[in-house]
Asks: 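Provided herewith is a single structure, encoded as structure tokens, for subsequent inquiry.
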Amino acid sequence: MKRLGKWGLLPLFAAIALLSGCGEPFLSTLQPAGEVAQRQFDLMVLSTSIMVGVIVVVAIIFIIVMIRFRRKSENEIPKQVEGSHTLEIIWTVIPILLLLVLAVPTVSATFQLADVSPAEEKNDEGKTDALVVNVRANLYWWEFEYPNEEILTSQDLVVPTDEKVYFNLIASDVKHSFWIPAIGGKLDTNTDNVNKFWLEFDGEKADEVGNIFYGKCAELCGPSHALMDFKVKALPRAEFDQWVASMQAVKEPVQAETAEAQAGQEIFNNSCIGCHAVTPANTTPEQARMGPNLTDFGNRTLVAGILEHNEGNIKTWLKDPESIKPGNKMTGKYNLSDEEIDAVTEYLMGLKVQE
Amino acid sequence: MHAEEKMTHETWPASPEKATLEAKNKFLGFWFFLGGETVLFASLFATYLALKDKVPTADHVLAKDLFEMPLVFLMTMILLTSSLTSVYAMYHMKNFNFKKMQLWLGITVLLGLSFLGLEIYEFNHYVHEFHHTFSSSAFGSAFYTLVGFHGAHVAFGLCWIVSLMIRNAKRGLSLYNAPKFYTASLYWHYIDVVWVFIFTVVYLMGMVG
Amino acid sequence: MANQQSTSGNPRVDLEYRRKKNVEEMRYQVITFALMIFLTLIAFAAVGFGDVSNWFTIPFILLLAVVQVIFQLYYFMHMSHKGHEAPQLFLYSGALVGFLTVLAFMTIIWW
Amino acid sequence: MSTNAQKKGFGAVLWDYLTTVDHKKIAILYLIAGGIFFILGGLEAMIIRIQLAIPDNNFVSAGFYNEVLTMHGTTMIFLAAMPLLFAFMNAVVPLQIGARDVAFPFLNSLGFWLFFFGGVFLNLSWFLGGAPDAGWTSYASLSLASEGHGIDFYSLGLQISGFGTLIAGINFLVTIINMRAPGMTYMRMPLFTWTTFVASALILFAFPALTVGIFFLTFDRLFGSNFFDPTMGGNTVIWEHLFWIFGHPEVYILILPAFGIFSDIISTFSRKRLFGYSSMVFATVLIGFLGFMVWAHHMFTTGLGPIANAIFAVATMAIAVPTGIKIFNWLFTMWGGSIKFTTPMLYAVAFVPSFVMGGVTGVMLAAAPADYQYHDSYFVVAHFHYVIIGGVVLSLLAATHFYWPKMFGTMLNEFLGKITFWLFLIGFHLTFFIQHFLGLMGMPRRIFTFLPNQGLEIGNLVSSIGAFFMAVATIILLINIVITSVKNVKVGNDPWGDGRTLEWAIASPPPYYNFKQLPLVRGLDPYWIEKMEGKKEMTPAEPLGDIHMPNGSFIPFMISLGLFIAAFGAMYRLDYGWGLPVLIIGLVITFGSMFVRSIKDDHGYHIHKEELMDDDDNKGVKA
Ligand code: HEA
Ligand code: HEA
Ligand code: CUA
Ligand SMILES: [Cu+2]
């Protein structure tokens with residue numbers, strides 16, 4: 001029976017493990033890589049400590065009871081105690097105090113994390129000084145629009161480090177939820193309204209993980225909900241600006257260079273362009289953006305959000321997207337032979353705005 | 001007191017609606033049910049308020065274009081009056097006067113029927129004049145659901161009262177059926193209570209915009 | 001009130017007494033009815049003829065509705081009688097939950 | 001109508017159960033049906049855990065996983081946990097308050113059959129084109145987009161069984177208010193009765209919101225309304241609110257009766273009256289009350305804004321206070337007591353720390369900004385399995401062992417019972433403790449698979465292994481039940497020897513009319529009081545007289561069957577011509593049966609004094 005008491009201590013070990021950080025740094029909420037995640041982590045540590053304290057108290061009383069008050073003889077009749085006012089008051093007041101300790105930082109952080117006023121202040125050009133990204137969640141892919149920069153990309157979110165980035169979130173089909181665990185807690189992308197919040201990406205931490213963080217869809221949205229991942233490229237401001245400039249430079253679809261790629265481009269223009277744009281301008285209406293924008297596809301970290309980015313995987317994806325992401329919206333919308341797929345792949349690999 | 005017993009003026013208790021244990025249970029259970037109905041209607045009201053005037057395009061009618069005061073006023077008066085008539089019926093029930101009770105219940109039913117008739121006319125009018133239907137917009141869905149739920153309660157109440165009247169026409173009052181009449185009349189009042197909020201929240205507030 | 005069992009042993013006297021009580025109660029109910037009609041008239045009038053601002057009209061007619069409903073509950077539905085403690089508790093609890101629901105739907109579903 | 005006739009033969013027994021209005025038999029019906037659904041939900045859980053045991057697994061397909069996941073949650077909450085609690089409420093509460101029966105025997109049976117047909121309807125989806133797949137919360141945008149009829153099975157099935165639950169709730173409320181034996185004042189009611197009372201009140205106020213929400217969902221999918229369609233002006237957040245206005249009280253509907261069961265078990269096997277009885281009652285009521293003001297803590301990430309989030313965060317935290325009062329009162333009931341570790345007591349003892357662990361993670365979730373990280377991750381899965389399994393399921397297992405003799409007249413094997421306990425407990429912690437960390441390490445919930453190299457492999461494997469322990473434990477429990485029923489060794493009134501409340505003062509199982517004479521209650525723990533004064537049984541509060549009994553009835557079955565049929569009609573109306581007629585036929589059956597019920601007088605019957613005098617206490621109805 002003594003073992004019963006030990007569970008009480010497990011969370012203590014848990015807390016130690018928690019403080020030392022565990023999980024993969026590009027994914028874990030326990031290794032915060034930005035101001036938002038850090039604040040949330042601090043709150044988690046605070047609340048965990050309180051909770052471990054509560055559990056320890058309960059466990060101690062529990063163990064004493066288990067050891068001392070077992071029945072020794074079948075005839076013993078313990079004293080029938082009604083209660084104790086002093087004790088009652090103690091275990092009412094102390095929890096209230098503990099909760100107050102937790103409630104104050106909770107409320108303050110709630111308001112702080114919801115402050116998106118810099119993203120509402122428009123300057124003379126009708127733009128914001130702060131970096132704003134419009135996120136549109138679709139069955140099972142993500143679109144990122146930079147309204148100030150007038151460019152658009154998909155699947156890989158590119159952001160500058162060490163500054164606040166403001167997000168406007170919406171979903172185009174069903175509800176999803178936008179979550180980059182290492183950077184900060186999630187916010188739902190509703191179908192009805194735009195949700196807003198901000199995140200900040202820590203430069204040093206980004207460096208440690210090769211500038212790539214993992215993002216996830218955190219609201220059940222259909223069969224491939226589990227696979228609706230995205231990546232975040234967190235770049236120093238200068239590199240980010242370069243990326244923006246090279247994106248903006250693409251006004252026309254880039255011409256393929258090799259012969260095979262040109263053939264691929266031909267095919268692409270016939271079968272795919274209806275859903276996939278290869279120019280980054282954000283002027284196409286939302287309804288016409290049926291698939292991820294592929295302008296910078298050659299630089300993607302992943303294919304379709306989950307496969308490693310290489311030719312073989314692109315081919316697998318094009319051959320049978322259904323086998324990779326069940327229920328995705330690309331399956332069965334085109335018909336290509338193996339050779340055509342090879343050509344298209346060649347073309348797609350060449351779609352890079354930067355080397 | 002057994003429920004089946006034949007009663008006289010003298011033996012008829014002061015509160016026939018809760019003279020037996022079964023009656024007490026029924027009385028209490030029915031009130032609790034009404035407590036639940038309050039939440040039900042509140043949810044419908046809440047939804048209506050959230051979806052009021054929420055239409056897909058600008059050519060759909062809004063609340064302020066839709067409602068007409070005279071009709072609503074008439075319906076309100078009818079329903080309020082029916083509440084009074086059913087109170088009369090209960091008054092006679094307590095006095096063990098079966099005939100008069102049936103009479104007043106009959107009047108209540110007639111008033112209820114005319115209310116329902118007006119409501120059907122009203123809905124019909126909205127559908128044909130304004131193309132404001134259950135499926136035309138979220139506003140339409142919420143409006144017809146809220147008002148229609150109330151209408152369905154009226155219809156159910158009417159069926160209930162009528163079947164009680166017919167079933168007991170020959171038998172007169174007993175402690176077995178008195179609680180049934182009583183709960184039916186509670187139900188009827190409750191429908192009226194809901195209507196007070198409907199005419200205020202849906203119609204009057206709809207008209208002011 | 002009329003619900004109370006009289007302690008007098010004589011059924012006849014008892015009956016008279018109850019009859020009287022019932023009549024008295026009926027009088028209250030008619031008054032209630034008159035008041036309800038009156039309140040309804042005011043509410044309709046406030047909307048129909050008033051050029052008053054909505055900031056006044058809406059709370060005002062809501063208040064009238066609440067008053068009217070309380071009359072209904074207490075007189076028509078006899079909630080004023082004893083033996084209605086549990087019904088009161090549960091009806092008000094229902095109303096409270098309902099009120100919270102309406103409040104939430106009007107404040108945090110705004111888009 | 002012969003009252004004492006002991007019917008024989010399978011057909012007769014079946015008919016007896018189909019028409020019964022006896023709370024003790026209805027309890028058995030709930031126990032069997034709820035038990036079957038629990039195993040079904042458990043099997044679904046096993047499928048989940050097998051699929052997630054290793055990364056990139058393809059034991060089941062993505063679409064099927066979502067169906068399994070949805071049905072697991074829905075089945076467990078609506079068709080297993082709640083009905084099993086109803087089983088014990090039905091079996092025990094009327095006895096605890098010294099009542100002949102519940103207030104509305106007919107409605108009691110109706111409640112059961114509605115639940116049963118609703119549950120069967122929901123589960124038929126497996127065979128008729130696929131189960132619902134939008135999660136047990138069925139958020140509107142996804143549930144409207146979901147193809148096939150899965151979601152329709154969900155909405156119609158839950159609507160039907162929801163009516164049953166509502167009816168059961170009202171029934172218990174009235175029973176507890178009106179049917180208490182003389183002397184059984186409110187502040188002498190056992191805690192299980194109190195928690196049943198408060199939980200029933202929660203049912204009364206919470207289920208209508210679900211009814212309305214499901215109505216909207218059904219009509220949006222099948223009858224062309226636009227409540228949740230943003231392109232038509234609708235709003236999906238309405239569903240979220242309605243669901244959680246119901247959903248949060250729902251979790252207290254589950255846990256409060258569990259608290260009650262444990263309160264009774266703990267004081268029984270500590271041989272001590274409950275410490276701080278009145279504050280326990282107060283805490284129960286307060287939890288019920290606060291339970292209605294916190295629903296939006298499930299929606300912190302919906303985007304309600306900081307004001308709403310802050311208010312709901314603080315309100316949620318407040319619930320820790322009354323719950324803490326309970327925890328410490330249990331501990332101090334045992335303190336100074338004489339604890340005997342029977343199987344039910346083992347569960348009760350294990351419950352305390354397990355539930356505290358689940359409860360405190362609940363308070364962590366309530367810290368809104370931190371919840372932005374936890375929400376929809378496995379941390380939440382861990383939280384609610386800790387409170388549900390550590391609280392509700394342990395209480396159900398405890399009650400199964402504790403009340404089995406009272407319901408069936410024979411004791412479950414203690415040795416097997418303890419094995420079940422240890423396996424289940426170890427399995428439970430093994431499965432769910434690690435899930436806290438999976439969540440924190442970035443694993444979202446409701447994913448049919450996870451990718452390798454994200455650090456999630458070991459945790460998931462451990463979790464899946466734990467689930468097998470629970471499965472084995474469940475199987476041993478079933479074996480125990482079979483062995484016990486075959487042996488069928490009869491026991492007396494108070495087989496545990498430490499019974500305190502009225503149900504132990506009556507035969508096991510009790511005769512169909514319960515107490516021959518209503519007992520006189522002289523204080524809290526009335527049977528204990530009498531025992532301490534050296535008496536063997538309760539002092540009667542009335543002279544022996546005729547007992548009024550309700551007649552059995554087949555109508556509840558028919559009413560429910562009608563709705564069951566109508567639901568098929570409503571669902572297939574748009575696909576097939578026969579849909580509409582079937583819908584109408586079903587409704588006619590239902591309303592026709594209701595009509596028959598209301599015009600046919602049913603005065604019940606009386607058991608006469610003479611018969612009662614012949615009837616020795618041991619001759620109850622055969623279970
Ligand atoms: C039986 C069921 C049950 C119970 C009892 C609880 C109890 C609590 N729950 Fe839980 N909860 C669920 C079932 C339950 N929950 C389910 C099913 C979900 C997920 C639904 C879904 O999304 O599918 C959920 C989700 C859930 C969320 C949403 C998470 C999210 O989706 O992001 C939150 C957030 O606040 C929460 C909080 C709480 C709190 C504060 C309590 C409190 O009542 C706990 C109180 C208890 C204690 C605190 C322990 C004892 C107290 C002491 C020893 C005193 C001292 C303590 C302190 C000072 C802290 N729960
Ligand atoms: C009462 C409520 C309840 C109970 C008891 C359980 C019990 C269990 N639950 Fe679950 N669970 C929920 C309510 C519950 N759950 C809810 C509401 C959700 C959310 C759903 C959603 O997101 O929509 C959920 C989700 C959920 C998930 C998350 C899935 C996901 O998000 O992708 C997981 C994963 O591990 C899980 C596991 C388990 C396990 C292993 C058990 C185990 O404890 C089960 C133990 C029981 C058995 C193992 C019995 C099996 C019996 C046998 C094998 C014997 C067979 C013998 C014969 C046939 C004779 N549950
Ligand atoms: Cu998108 Cu889950
Ligand atoms: Cu909750």
Side-chain angles (χ1 to χ4, degrees), chain A residues 4 7-8 23-24 27-30 39-40 43-44 47 51 54-55 58-59 61-62 65 69-71 76-81 83 88 91-92 95-96 99 102-103 106-107 109-111 113-114 174-175 177 181 185-188 190-192 195 216 218-221 223-226 306 326, chain D residues 61-63 66 135 139 141-142 145 230 235-237 271-273 275-276 279 301-303 306 309-310 313-314 317 320-321 324-325 327-328 331 334-340 349-350 352-353 356-357 360 364 367-370 372-373 375-376 429 440-442 444 446-449 451 454-455:
Chain A
L4 288 174
W7 312 321
E24 304 290 346
L27 182 63
S28 176
T29 66
L30 302 175
R39 288 223 43 167
Q40 291 165 336
L43 199 56
M44 283 153 65
S47 57
M51 299 316 152
V54 168
I55 291 173
V58 170
I61 304 177
F62 184 82
V65 167
F69 300 106
R70 325 171 128 249
R71 186 169 302 178
E76 67 184 2
I77 302 291
K79 190 159 160 274
Q80 304 290 308
V81 191
E88 302 267 7
W91 63 58
T92 308
I96 291 180
L99 291 174
L102 183 58
T106 296
V107 172
T110 307
F111 282 93
L113 298 186
V174 304
K175 184 179 172 123
S177 191
K186 61 191 73 65
L187 191 58
D188 292 352
N190 293 331
T191 50
D192 324 71
N195 270 341
K216 302 229 168 224
E219 181 69 54
L220 180 61
C221 52
S224 282
H225 158 63
I306 48 165
Chain D
S61 73
N66 287 354
Y139 273 16
S141 56
L142 181 60
N235 191 312
T236 59
V237 181
R271 283 195 173 162
K272 245 182 100 210
R273 64 173 275 160
F275 192 87
S279 68
T301 65
T302 301
N309 279 3
V314 176
M317 291 177 189
V321 177
I325 294 179
I327 297 281
F328 290 112
L331 287 174
M334 293 190 277
W335 188 286
S338 159
I339 303 174
K340 181 173 179 185
V349 159
V352 173
V356 169
M357 283 173 63
V360 294
M364 290 169 68
Y372 302 162
Q373 286 285 26
H375 177 72
D376 266 342
H429 284 277
L440 295 175
M441 281 151 56
R446 295 171 167 174
I447 53 173
F448 80 98
T449 190
L451 301 175
Q454 301 190 358

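Just so we're on the same page: letters track the sequence lines, and every chain starts at 1.
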Asks: Please round to the nearest 0.5 Å and tell me the distance separating atom CG of D/Asn309 and atom OG1 of A/Thr106.
Replies: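 Answer for the CG-OG1 pair, D/Asn309 versus A/Thr106, is 11.0 Å.
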Asks: Measuring heavy-atom distances to chain D, does A/Val54 have an atom under 4.5 Å in its side chain, in its backbone, in both, or in neither?
Replies: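 For A/Val54, side-chain heavy atoms alone lie under 4.5 Å from chain D.
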Asks: At a heavy-atom distance under 4.5 Å, which candidate from D/Pro444, D/Pro369, D/Gly337, D/Gly442 has the highest pair count against chain A?
Replies: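 Of the options given, most contacts go to D/Pro369.
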Asks: What residue, out of D/Lys272, D/Arg271, D/Met441, has the most heavy-atom pairs lying under 4.5 Å from chain A?
Replies: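 Top option by heavy-atom pairs under 4.5 Å: D/Arg271.
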Asks: Using heavy-atom distances under 4.5 Å, tell me whether D/Leu451 contacts chain A through its side chain, its backbone, both, or neither.
Replies: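 Side chain of D/Leu451 only, per the 4.5 Å heavy-atom cut-off to chain A.
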Asks: Should the pair A/Trp91 and D/Phe328 be assigned to parallel (<30°), tilted (30 to 60°) or perpendicular (>60°) ring geometry?
Replies: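 The rings of A/Trp91 and D/Phe328 lie parallel, inter-plane angle below 30°.
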Asks: Do A/Val81 and D/Phe275 touch side chain to side chain, with heavy atoms closer than 4.5 Å?
Replies: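 Side-chain contact under 4.5 Å: yes.
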Asks: Mind ranking D/Ala145, D/Gly336, D/Ala367 by heavy-atom pairs under 4.5 Å with chain A and telling me who comes out on top?
Replies: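 Greatest number of close heavy-atom pairs with chain A: D/Gly336.
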Asks: Between atom NZ of A/Lys175 and atom OG1 of D/Thr302, what is the distance when rounded to the nearest 0.5 Å?
Replies: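 Reported value, rounded in 0.5 Å steps: 4.0 Å.
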Asks: For A/Leu220 and D/Gly135, work out which heavy atoms get closest and say how close.
Replies: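 Here A/Leu220 and D/Gly135 meet closest at CD2-N, 3.6 Å.
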Asks: Taking A/Val107, A/Ile96, A/Thr110, A/Thr92 one by one, which has the highest count of heavy-atom pairs under 4.5 Å against chain D?
Replies: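 Max contact count across the listed options: A/Thr110.
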Asks: Just verifying a value: how many Å separate A/Leu27 CG and D/Leu440 CG, rounded to the nearest 0.5 Å?
Replies: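 Atom-to-atom, A/Leu27:CG and D/Leu440:CG are 11.0 Å apart.
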Asks: With a 4.5 angstrom heavy-atom cut-off, which part of A/Leu113 approaches chain D: side chain, backbone, both or neither?
Replies: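 Only the side chain of A/Leu113 comes within 4.5 Å of chain D.
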Asks: Do A/Lys186 side-chain atoms and D/Gln373 backbone N/O form a donor-acceptor pair below 3.5 Å?
Replies: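 Such a contact is found between A/Lys186 side chain and D/Gln373 backbone.
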Asks: For the side chain of D/Ser338 and the backbone of A/Ile77, is there at least one donor-acceptor N/O pair under 3.5 Å apart?
Replies: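 No, the answer is negative, given that no donor and acceptor are paired below the 3.5 Å cut-off.
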Asks: For chain A, which candidate among D/Thr236, D/Val352, D/Thr449 shows the most heavy-atom pairs at distances under 4.5 Å?
Replies: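 Among the listed options, the one with the most contacts to chain A is D/Thr236.
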Asks: At a heavy-atom separation under 4.5 Å, does A/Gln80 approach chain D through its side chain, its backbone, both, or neither?
Replies: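 Both backbone and side chain.
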Asks: Under 4.5 Å heavy-atom distance to chain D, tell me which part of A/Ala226 shows up: side chain, backbone, both or neither.
Replies: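 For A/Ala226, heavy atoms of backbone and side chain both lie under 4.5 Å from chain D.
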Asks: Mind checking whether A/His225 and D/Asn66 have side chains closer than 4.5 Å, heavy atoms only?
Replies: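 Of all side-chain heavy-atom pairs linking D/Asn66 with A/His225, none is under 4.5 Å.
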Asks: Treating A/Ser47 as the side-chain partner and D/Met364 as the backbone partner, does any N or O pair qualify as donor plus acceptor under 3.5 Å?
Replies: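 Not a single qualifying donor-acceptor pair exists.
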Asks: Mind listing the closest non-hydrogen atom pair of D/Phe448 and A/Pro326 along with its distance?
Replies: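 The answer is CZ-CG, 4.5 Å.
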Asks: Hey, what do you get for CG (A/Asn195) to OG1 (D/Thr301), rounding to the nearest 0.5 Å?
Replies: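 The OG1 atom of D/Thr301 is 8.5 Å from CG of A/Asn195, to the nearest 0.5 Å.
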Asks: Kindly indicate whether the side chain of D/Arg446, heavy atoms from C-beta on, has any atom under 4.5 Å from the side chain of A/Glu219.
Replies: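 D/Arg446 reaches A/Glu219 side chain to side chain.
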Asks: Give me the atom names and distance for the closest heavy-atom approach of A/Phe62 to D/Val349.
Replies: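 Of all heavy-atom pairs spanning A/Phe62 and D/Val349, the closest is CE1-O, 3.2 Å.
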Asks: Looking at chain A, which one of D/Ser279, D/Ser61, D/Ala368 has the largest number of heavy-atom pairs inside 4.5 Å, strictly under?
Replies: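 Greatest number of close heavy-atom pairs with chain A: D/Ser279.
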Asks: With a 4.5 angstrom heavy-atom cut-off, which part of D/Tyr139 approaches chain A: side chain, backbone, both or neither?
Replies: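 The side chain, not the backbone.
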Asks: I need the residue from A/Glu24, A/Met51, A/Arg39 with the largest number of non-hydrogen atom pairs under 4.5 Å to chain D.
Replies: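 Of the candidates given, the most pairs with chain D belong to A/Met51.
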